[in-house]
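Data block below; observations after.
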Amino acid sequence: GEDVEQSLFLSVREGDSSVINCTYTDSSSTYLYWYKQEPGAGLQLLTYIFSNMDMKQDQRLTVLLNKKDKHLSLRIADTQTGDSAIYFCANSGGYQKVTFGTGTKLQVIP
Amino acid sequence: KAGVTQTPRYLIKTRGQQVTLSCSPISGHRSVSWYQQTPGQGLQFLFEYFSETQRNKGNFPGRFSGRQFSNSRSEMNVSTLELGDSALYLCASTRTSGPGETQYFGPGTRLLVL
């Protein structure tokens, strides 16, 4: 079945850039998403990218997609302590059946 | 515009019981999806309803069921609860069931099965 893999943990210093990586297996993925989950909260959609794009930038967030390698990354520039959360990569071939990765816990050190 | 609401927020049940969780989508949203989140399995898709019809279904046993009402509110039911059903259950709503629609998540219902 479909699989989405992420590293479990990332630690960065405040002000540095964070890069969270994700690989997926479903070649029919049409939409790829990044979600943020803070403790005790639901998921917040940060950004998404269509599979025919290779980059999308939204303020401090940059998403890079390598469709050939099925690799997605999220770069957070000037990481702040408020960015500490779990980040989920997800993909969808369409409609609302979304497959989520295991999540990467980002720790920002002041 | 009010966000997605889920009730109850916390629930404790014992094995063998059944439970019903409720989700009210954002006003005007007609699609509701349900997910189970556990430390071991991560986030897994349960099912999606659109206009009172189940459109997609994940790989869960028949003990997990759902429905959607004409006002788009949705309920999910788990019968004969097992310890492994302890999880955070999240629902998400979108305006339609089309691809690329932004899913808005509720805060979740945390279920503990003893």
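- The list of ring-ring contact (aromatic ring centres under 6.0 Å, His included) pairs with a residue in residues 51-84 of chain B, not counting sequence neighbours, reads Phe60(B)-Phe64(B).
- Of the listed residues (Leu88(B), Val4(B), Asn59(B), Leu43(B)), the one with the most heavy-atom contacts under 4.5 Å to chain A is Leu43(B).
- Contacts between residues 106-114 of chain B and chain A, defined by a heavy-atom separation under 4.5 Å, are made by Gly106(B), Pro107(B).
- Within 6.0 Å of the OH atom in Tyr104(B), the count of heavy atoms belonging to other residues, nucleotides or ligands does not exceed 12.
- The minimum heavy-atom distance between Val98(A) and Phe45(B), with the atom names listed, is O-CB, 3.9 Å.
- For Gln37(A), the part lying under 4.5 angstrom from a heavy atom of chain B is the side chain only.
- Side-chain heavy atoms closer than 4.5 Å link hydrophobic residues (I, L, V, M, F, W, Y) into clusters, and following such links, possibly through other members, connects Tyr31(A) to Leu61(A).
- Around CZ of Arg60(A), the count of heavy atoms belonging to other residues, nucleotides or ligands within 6.0 Å exceeds 12.
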Tell me which donor-acceptor pairs under 3.5 Å the side chains of residues 13-22 of chain A have, and how far apart each pair is, sequence neighbours excluded?
residue  : atom : partner  : partner atom : Å
Ser17(A) : OG   : Arg75(A) : NH2          : 3.0
Ser18(A) : OG   : Thr79(A) : OG1          : 2.7
Asn21(A) : OD1  : His71(A) : NE2          : 3.3

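- Contacts of Gln37(B) with chain A are made by side-chain atoms alone, with heavy-atom separations under 4.5 Å and no backbone atom involved.
- Among residues at least two apart or in separate chains, there is no disulfide (SG to SG under 2.5 Å) pair with a member in residues 33-63 of chain A.
- The neighbour count for Lys13(B) NZ, taken as heavy atoms of other residues, nucleotides or ligands under 6.0 Å away, is above 12.
- When the side chains of ILVMFWY residues are joined at heavy-atom separations under 4.5 Å, either directly or via intervening members, Leu72(A) and Tyr48(A) end up in a single hydrophobic cluster.
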